[in-house]
Amino acid sequence: SEPLPPLVMVVDDSLTVRRVTQRMLEREGYRVLLAKDGLDAMERLSGDELPAVVLSDIEMPRMDGFDLVRNLRADARLRALPVIMITSRIAQKHRDYAQQLGVDDYLGKPYDEEHLLGLIGRYTAQNVAAQAVVS
């Protein structure tokens with residue numbers, strides 16, 4: 001059977017951002033899982049399939065991006081998920097805090113599409129390689 005294209009999770013409270021990002025990713029051949037905040041993301045991550053990478057905003061209702069990463073890193077099943085934060089908060093203190101929490105990459109808005117796709121490509125390639133070793 002053909003392997004499915006990598007799954008990318010997009011966590012953002014803006015419907016517009018979710019739609020634009022989803023279109024960009026689907027154009028590149030990825031499958032996309034959407035969540036409107038951290039709580040929604042945690043619920044969707046309880047399913048069988050985990051995404052290859054999570055793209056998350058910081059400022060969201062109910063559970064923000066920082067709390068989401070804290071929850072991911074505290075969960076044995078989700079701990080290794082690569083997280084790319086995409087945020088309008090570009091102050092160094094936010095970057096430092098994200099790094100302490102275990103965020104893999106941190107991009108300011110507006111981000112460079114090619115740069116983001118390059119990062120996603122790196123994580124999804126690692127993911128595909130890891131799956132090949134397991135099976």
Any pair counted as ring pair (Phe, Tyr, Trp, His ring centres under 6.0 Å), so long as it reaches residues 37-94, sequence neighbours left out: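 Qualifying pairs: Phe66-Tyr97.
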How far does [atom1] of [X] sit from [atom2] of [Y], to the nearest 0.5 angstrom?
| X | Y | atom1 | atom2 | result |
| --- | --- | --- | --- | --- |
| Met63 | Leu68 | CE | CG | 6.5 Å |
| Leu4 | Glu49 | CG | CD | 6.5 Å |
| Leu39 | Met60 | CG | CE | 10.0 Å |
| Leu25 | Leu55 | CG | CG | 6.0 Å |
| Asp67 | Arg62 | CG | CZ | 12.5 Å |
| Gln99 | Gln92 | CD | CD | 8.5 Å |

Taking [Y]'s backbone N and O only, do any of them form a donor-acceptor pair with [X]'s side chain (distance below 3.5 Å, no angle check)?
| X | Y | value |
| --- | --- | --- |
| Arg89 | Gly108 | no |
| Arg44 | Leu34 | yes |
| Arg77 | Leu50 | no |

Lys/Arg N to Asp/Glu carboxylate O, Lys109 vs Asp12, below 4.0 Å: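 The answer is yes: the pair qualifies as a salt bridge.
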Salt-bridge contact Arg18-Asp37 (side-chain N to carboxylate O under 4.0 Å):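 Salt bridge flag = no for Asp37 with Arg18.
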4.5 Å side-chain heavy-atom contact, Leu101 and Met85: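 Heavy-atom side-chain distance check fails, nothing below 4.5 Å.
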Minimum heavy-atom distance between [X] and [Y], given as atom pair plus value:
| X | Y | result |
| --- | --- | --- |
| Leu81 | Pro51 | CD2-O, 3.1 Å |
| Arg79 | Ala74 | NH2-O, 4.0 Å |
| Ala52 | Tyr123 | O-CB, 4.4 Å |
| Ala35 | Asp40 | CA-OD2, 3.2 Å |
| Gly102 | Arg73 | O-NH2, 2.9 Å |

Common cluster, Tyr106/Val17, ILVMFWY with side-chain heavy-atom separation under 4.5 Å: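 No, separate clusters.
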Side chain to side chain contact (heavy atoms under 4.5 Å, CB included) evaluation trace for Met24 with Leu116: CA-CA 11 Å; Met24 174 190 77; Leu116 175 60; 3.7 Å; yes
More than 12 heavy atoms from other groups under 6.0 Å of CD on Glu26: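 For Glu26, atom CD is crowded (more than 12 foreign heavy atoms under 6.0 Å).
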Partners meeting ring pair (Phe, Tyr, Trp, His ring centres under 6.0 Å) with Tyr111 (sequence neighbours left out):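 With sequence neighbours excluded, Tyr111 shows a ring pair (Phe, Tyr, Trp, His ring centres under 6.0 Å) to no residue whatsoever.
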By ring pair (Phe, Tyr, Trp, His ring centres under 6.0 Å) - contacts of Tyr30 (at least two apart):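 So Tyr30 forms no ring pair (Phe, Tyr, Trp, His ring centres under 6.0 Å) with any residue.
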Verdict with supporting geometry, Asp104 and Val53, side chain to side chain contact (heavy atoms under 4.5 Å, CB included): CA-CA 10 Å; Asp104 298 271; Val53 59; over 6 Å; no
Val69, Val10, Ile84, Val11 screened by side-chain contact (heavy atoms from CB on, under 4.5 Å) with Ser56, the one that passes: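 Exactly one candidate clears the test, Val11.
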Positive for side-chain contact (heavy atoms from CB on, under 4.5 Å) with Arg19, one of Thr21, Leu15, Thr16: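 Of the listed residues Thr21, Leu15, Thr16, the side-chain contact (heavy atoms from CB on, under 4.5 Å) partner of Arg19 is Leu15.
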